[in-house]
Undergrad: 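What follows is a structure written as structure tokens; I'll ask about it next.
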2 protein chains.
Amino acid sequence: MFKALADPTRRKILDELTERDGQTLFEICARLAMKYQLASSRQAISQHLDVLEDVGLVETRREGRYKFHHLNTAPLEPIVERWLKPRSGRESE
Amino acid sequence: MFKALADPTRRKILDELTERDGQTLFEICARLAMKYQLASSRQAISQHLDVLEDVGLVETRREGRYKFHHLNTAPLEPIVERWLKPRSGRESE
DNA sequence: ACAATAGGCAAGTGGACACTTGCATGTCAA
DNA sequence: TTGACATGCAAGTGTCCACTTGCCTATTGT
């Protein structure tokens, strides 16, 4: 899961899905190219989406020849619990 | 920063410092070896600590020939803000 | 049916990274 | 001062990973 977040392109994809959920592969490619001048190929983005789906951060829904990608932030919450919560008694420091 | 979290050994180091803050390199090595049967060498752990210090997750304090390592969770908080907060209006879903 | 669109599969390549190895520096106790 | 302890530096190595390349499958519209 953390490895999935290690790549800057994948983080941008998550940003993109945060802003506009349920996009197709082509939409994501187009918007990343426009916003960040990211010249990532379609296959590269597709592989990133596979990684994100494997760790549960992205869920997909097929509809005909379209595949919509949805964000799922649930896997992120254990991060907070793991290191932020155990020290929550020291927030005034 | 996310790359620093991508390595499982580094995450275990953070766990270790969460449980017991301000350990030296040798302490961390010993405790990791005992707890997780991690046969990581001293140099490997040292390099991991360098990475964690570079991204600000660990801060160090020198005292004679000892170097104490302290956890700093501040760099983790933007993670929450970035993807969890923008969707906080949908928690009942 | 056929062309166009949306996406998938898989092998190959270059670079980054975790780890080792070997030696060097600095600190403390006798 | 000398030896033991705690840590630092740097080059070399093997593996993993992001990306490309080339071709394939499936769905839609005419």
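Per chain, numbering begins at 1; letters A, B, ... match sequence-line order. No experiment lies behind these values; they were computed from the predicted model shown.
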Undergrad: Counting just side-chain N and O atoms, does B/Lys3 come under 4.0 Å of either OP1 or OP2 of C/dC17?
TA: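 So the side-chain polar atoms of B/Lys3 do come within 4.0 Å of the phosphate oxygens OP1 or OP2 of C/dC17, strictly under.
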Undergrad: Could you pull out all residues at least two apart from B/Thr60 that satisfy side chain to side chain donor-acceptor pair (under 3.5 Å)?
TA: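 If we apply the side chain to side chain donor-acceptor pair (under 3.5 Å) test to B/Thr60, skipping adjacent residues, the hits are B/Glu53.
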Undergrad: Taking only nitrogen or oxygen atoms into account, show me every contact under 3.5 Å that the protein makes with nucleotides 26-30 of chain C, one pair per line with its distance.
TA:
none

Undergrad: Using a heavy-atom distance cut-off of less than 4.0 Å, which residues of residues 42-54 of chain B contact DNA chain D?
TA: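 Those residues are B/Arg42, B/Gln43, B/Ser46, B/Gln47.
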Undergrad: Any side-chain N or O of A/Thr24 less than 4.0 Å from the OP1 or OP2 oxygen of C/dA6?
TA: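 A/Thr24 to C/dA6 OP1/OP2: no side-chain N or O under 4.0 Å.
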Undergrad: Among all residues two or more places apart in sequence or in another chain, which pass the salt bridge (charged side-chain N to carboxylate O under 4.0 Å, His left out) test with B/Arg61?
TA: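 Salt bridge (charged side-chain N to carboxylate O under 4.0 Å, His left out) check on B/Arg61 returns B/Glu63.
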Undergrad: Looking for any heavy atom pair under 4.0 Å, which part of the strands does B/Ser40 touch: base, sugar-phosphate only, or nothing?
TA: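 Here B/Ser40 touches no strand at all.
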Undergrad: Checking side chain to side chain contact (heavy atoms under 4.5 Å, CB included) for the pair B/Thr73/B/Thr18: CA distance, chi angles, key distance, verdict?
TA: CA-CA 9 Å; B/Thr73 56; B/Thr18 300; 5.9 Å; no
Undergrad: Do any pairs count as a salt bridge (Lys or Arg N to Asp or Glu O under 4.0 Å) and have a residue in residues 32-42 of chain A, sequence neighbours left out, and if so which ones?
TA: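 Applying salt bridge (Lys or Arg N to Asp or Glu O under 4.0 Å) to every pair that reaches into residues 32-42 of chain A, excluding sequence neighbours, yields A/Glu16-A/Lys35, A/Glu19-A/Lys35.
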Undergrad: Please list, chain by chain and in numerical order, all residues satisfying salt bridge (charged side-chain N to carboxylate O under 4.0 Å, His left out) with B/Lys3, sequence neighbours excluded.
TA: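 Here no residue qualifies.
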Undergrad: Taking all atoms of both residues into account, what is the closest heavy-atom pair of B/Ile13 and B/His48, and its distance?
TA: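 Taking B/Ile13 first and B/His48 second, the nearest heavy atoms are CD1-CB, 3.7 Å.
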Undergrad: To the nearest angstrom, how far is A/Phe26 atom CZ from C/dA4 atom C1'?
TA: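 To the nearest whole Å, that distance equals 11 Å.
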